[in-house]
Amino acid sequence: MINASSDTDINHPLTAIQTRRILLVDDQALVGSLMFNMLMDQKDLELHYCDDPLKAIEFASEITPAVILLDLVMPGLDGLALLRHFQQHQELRDVPVLILSTTEDAESKAEAFSSGAHDFLVKLPHPLEMIARLRHHAESYESRRRHRMAEKALLASERRYRTLFGAIHSGVMVFECVDNCTSFQLHEMNSAAEHITGMKADTVVTRPLNQVCPMAEERGLLQVMKQVCTDGLPRQLSAALFDNGEQKIWLEHAIYRLTPTELVVVQRNVTKLKQSEEDKINFHLKQLDIQKQSAQVQRRGRETAERAHRNQQVVHLITEISLQSSALKTILSASLQLVLNLPEFQGFNQGSVFLVSQKQEQLLELVAHVGLSDNKLTEQCQTVPFGHCICGRLATLGEDILITKQCDLDSGHDIQSEDMVDHGHCNIKLSGKSGLLGIINLHLPPGHDIPEEAQQFLRTIANTLAGVIERKRAEEAAWKASQARTEFLANISHELRTPLHGILGFAERGHKKALDEETPRETLKRYFHYTRTSGNRLLALLNDLLDLSKLDAGRMRFEMGSNDIRPVIDEAVVEFSSLALERGLSVDVQSQTDQSTAWCDPEKMLQVFRNLLSNAIKFSPESSTITITVSLRHLPGGRRRSDPQRLPGLEVIVQDQGIGIPDKELETIFAKFTQSTKTKTGAGGTGLGLAICREIIDAHKGQIWAENSEQGGALFHLLLPVTEPFPQGRPRSQNLKEILLRR
């Protein structure tokens, strides 16, 4: 086998010439040599020689020739038989075969062409003819080969296109442009497009766009298709909602120009994607909402904890302040300021505290205030009766908190002032074990309200301050009681020691003098007189203690009736006449009325007048006058002093010209074991007389009080009912405990 080829590098880009392989099968080597010489100068022809016909098939399979030259007559296998073998070979059957023969026999030609030969040559033809025939058949073979390959590729591409066209999940529709791209007709659509549009391809092909996509014009699809058809640039439409008659779906459109007269519209169903996006958005919104709610809960928790901590600190500070040795007014003012500084109560930063009067029933007294200057309004609010204005109205209600949003008369704000700024109120009761102690009054901006949590805190503050008030009052009462007891023990020791010393001293002297027979009788008589006087003084003191004990225990008996009070006064004056004369005092009894009867117990009233005259004589300067005046006057007829009923009463005033009583002590001097500070200067006394007087007068449903005269000295007022105060079948004799219980 011989391969004959040109030495020229056909792969060089400057000399690139397509080389066609020529296979010569001939048992004569001379023919092969001649063919080699004939084709040696042909750059596009490459000769391959095979001298064994049995190996020609295998050799041809290796070199894939463009033309095969077969010798007609060869030993073992002639050319026509070999031709049939080539025709049966899958890869070689289309290669053109030229038969070479030594004779130009018509019968041989006919047989060769009928066997499938492409040409018949008498060997060896002229080189030009040979080269021309080889090139012709080679080019024809290559042309057919390229055509078959193109058809094959086209068929494969067609199959792939159809497969992809049918398998793609997006809807694909091919439209043909008509009327200069002003309208479009459907040319083809895949199954996905059928599903999307709800139409079958065989029923809508050749239909116009508006019948295939009814909403194309409204959604802008028609306009975009016209633009793509004009400039050839692909375009996309964002998702829009389309209705195919069965359901509403979200579609994205992409438009491409396939040919100058064809457009491809790709529809993508993004309903699930839209739903997924919407679900994601809703999920994120829900998560954000949950986070916001969680943040709000955490913030409210922090605010609640901070508020609770602040409130706890305020309560703690109020407790610390109350433990200091400060006045109750100072404690209340400081506590009120602490509350008003809290964010929950920052309004006008004004407030006040009223306490129930300990001197007069159903009356509130202004004790402390913050942010309120001393003006006409605060002057009007120094005392507020129960039921009057906001504070007094809360005192009579069952609620513990009263909130008003205006300060007009309709809301119950009875106290008005020209310079008053519009405001609201939050009033909180101060209630203790003994009942109502007072009212906390906070000023608020008009229309403002206080939430329930803040109201609960105000209740806590009110309870804390109520405990402070009761404790402070108890401490004050305990201190006063301790002081009174100390003074009482000192006084009582002095009072007991003085008559005892007199009794013992005169008894010892009398005993010594009695042993002396020469002692005059008058001397012994004088000693016995002094002893009896001291004994009577000691007995009077013990009687006072016994009376006070009976009054406290409710075992004092009263014989009440309508009695003339003037003889009782005269008897007391006569008893103390000698003592008054010793100091140069005169007692003047004046009656401004002919009516001098009162509902009383004469014996107990004599005890009262004795105490009052004793005090008047004790504190009057020498050569002065003590005046006792009797007159008519009304006194409260209800069970309480504030009740509007009035009853006729008899008033007795005992006036001296002495040193008077300090204004702060005008009420306290009637307390047990209590004396005026001026009494402690040496005037003596146990502090029991006026306390006994108060208990007796209270049992008579009367009144007793003290005041200072403008001319100097003290005035003791005693007011008794003229008739029985409560005559509904009550016994005339009652003990103090029963009277107090009925009050």
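Residue numbers count from 1 along this sequence. When reading the values below, keep in mind they use all heavy atoms of this one structure, side chains included, and skip hydrogens, waters and symmetry mates.
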For the residue pair [X] and [Y], establish whether any side-chain heavy-atom pair is separated by less than 4.5 Å.
{"X": "Leu647", "Y": "Val722", "answer": "no"}
{"X": "Leu613", "Y": "Val573", "answer": "yes"}
{"X": "Met605", "Y": "Leu720", "answer": "yes"}
{"X": "Leu437", "Y": "Arg473", "answer": "yes"}
{"X": "Ile428", "Y": "Asp400", "answer": "no"}
{"X": "Val339", "Y": "Leu458", "answer": "yes"}
{"X": "Leu430", "Y": "Ile469", "answer": "yes"}
{"X": "Glu559", "Y": "Asp601", "answer": "yes"}

Restricting to non-hydrogen atoms, name the atom on [X] and the atom on [Y] that form the minimum distance, rounded to 0.1 Å.
{"X": "Pro621", "Y": "Gly658", "value": "CD-CA, 3.7 Å"}
{"X": "Leu436", "Y": "Phe386", "value": "CD2-CZ, 3.9 Å"}
{"X": "Cys426", "Y": "Ile401", "value": "SG-CG2, 4.2 Å"}
{"X": "Leu635", "Y": "Lys701", "value": "CD1-O, 3.6 Å"}
{"X": "Ser333", "Y": "Val370", "value": "O-CG2, 3.6 Å"}
{"X": "Ala706", "Y": "Ile669", "value": "CB-CD1, 4.0 Å"}

To the nearest 0.5 Å, what is the distance between [atom1] ([X]) and [atom2] ([Y])?
{"X": "Ile321", "Y": "Leu332", "atom1": "CD1", "atom2": "CG", "result": "10.5 Å"}
{"X": "Leu340", "Y": "Leu336", "atom1": "CG", "atom2": "CG", "result": "4.5 Å"}
{"X": "Leu579", "Y": "Ser614", "atom1": "CG", "atom2": "OG", "result": "7.5 Å"}
{"X": "Ile617", "Y": "Leu612", "atom1": "CD1", "atom2": "CG", "result": "11.0 Å"}
{"X": "Leu364", "Y": "Ile439", "atom1": "CG", "atom2": "CD1", "result": "6.0 Å"}
{"X": "Ile696", "Y": "Asn611", "atom1": "CD1", "atom2": "CG", "result": "7.5 Å"}

Going through the checks in order, is the side-chain contact (heavy atoms from CB on, under 4.5 Å) test met by Phe354 and Thr383? CA-CA 8 Å; Phe354 293 83; Thr383 58; over 6 Å; no
Around atom CD of Glu603, are there more than 12 heavy atoms from other residues, nucleotides or ligands closer than 6.0 Å? no
Less than 3.5 Å apart, which donor and acceptor atoms pair up between the side chains of residues 388-395 and the rest of the protein, not counting sequence neighbours?
unit_1 : atom_1 : unit_2 : atom_2 : d
Arg393 : NH2    : Ser411 : O      : 2.5

Under 6.0 Å between the ring centres of His413 and His423?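 Ring centroids of His413 and His423 are less than 6.0 Å from each other.
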Output yes when a side-chain donor or acceptor of [X] lies under 3.5 Å from a complementary backbone atom of [Y], and no otherwise.
{"X": "Asn463", "Y": "Ile461", "answer": "no"}
{"X": "Asn708", "Y": "Ile661", "answer": "yes"}
{"X": "Thr330", "Y": "Ser326", "answer": "no"}
{"X": "Lys604", "Y": "Arg557", "answer": "yes"}

Report the C-alpha separation of Leu585 and Ser623 in whole Å, then their side-chain angles, then the decisive distance to 0.1 Å, and conclude whether the side-chain contact (heavy atoms from CB on, under 4.5 Å) test is met. CA-CA 5 Å; Leu585 301 175; Ser623 302; over 6 Å; no
Assign the ring pair Phe558 / His700 to parallel, tilted or perpendicular, where the plane angle (0 to 90°) is split at 30° and 60°. perpendicular
Residues [X], [Y]: salt bridge by 4.0 Å N-O rule:
{"X": "Glu667", "Y": "Arg694", "result": "yes"}
{"X": "Glu575", "Y": "Arg610", "result": "yes"}
{"X": "Glu476", "Y": "Lys472", "result": "no"}

Distance alone, cut at 3.5 Å: any donor-acceptor contact between the side chains of [X] and [Y]?
{"X": "Gln655", "Y": "Thr627", "answer": "no"}
{"X": "Thr593", "Y": "Ser631", "answer": "no"}
{"X": "Asn441", "Y": "His425", "answer": "yes"}

Pairs touching residues 648-659 that satisfy salt bridge (charged side-chain N to carboxylate O under 4.0 Å, His left out), sequence neighbours left out: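 Passing the test, one end in residues 648-659: Arg633-Glu651.
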Passes side chain to side chain donor-acceptor pair (under 3.5 Å), Arg566 versus Ser591? Steps please. CA-CA 9 Å; Arg566 181 61 187 265; Ser591 293; 2.6 Å; yes
Show, in sequence, the C-alpha distance, side-chain angles and deciding distance for Ser620 and Gln657, and conclude whether the side chain to side chain donor-acceptor pair (under 3.5 Å) test is met. CA-CA 6 Å; Ser620 293; Gln657 297 176 345; over 6 Å; no
What's the verdict on side-chain contact (heavy atoms from CB on, under 4.5 Å) for Leu718 and Phe609, showing C-alpha distance, side-chain angles and the deciding distance? CA-CA 10 Å; Leu718 190 154; Phe609 288 125; 4.3 Å; yes
Starting from the C-alpha separation in whole Å, work towards a yes-or-no answer on side-chain contact (heavy atoms from CB on, under 4.5 Å) for Val630 and Leu650. CA-CA 7 Å; Val630 181; Leu650 187 69; 3.8 Å; yes
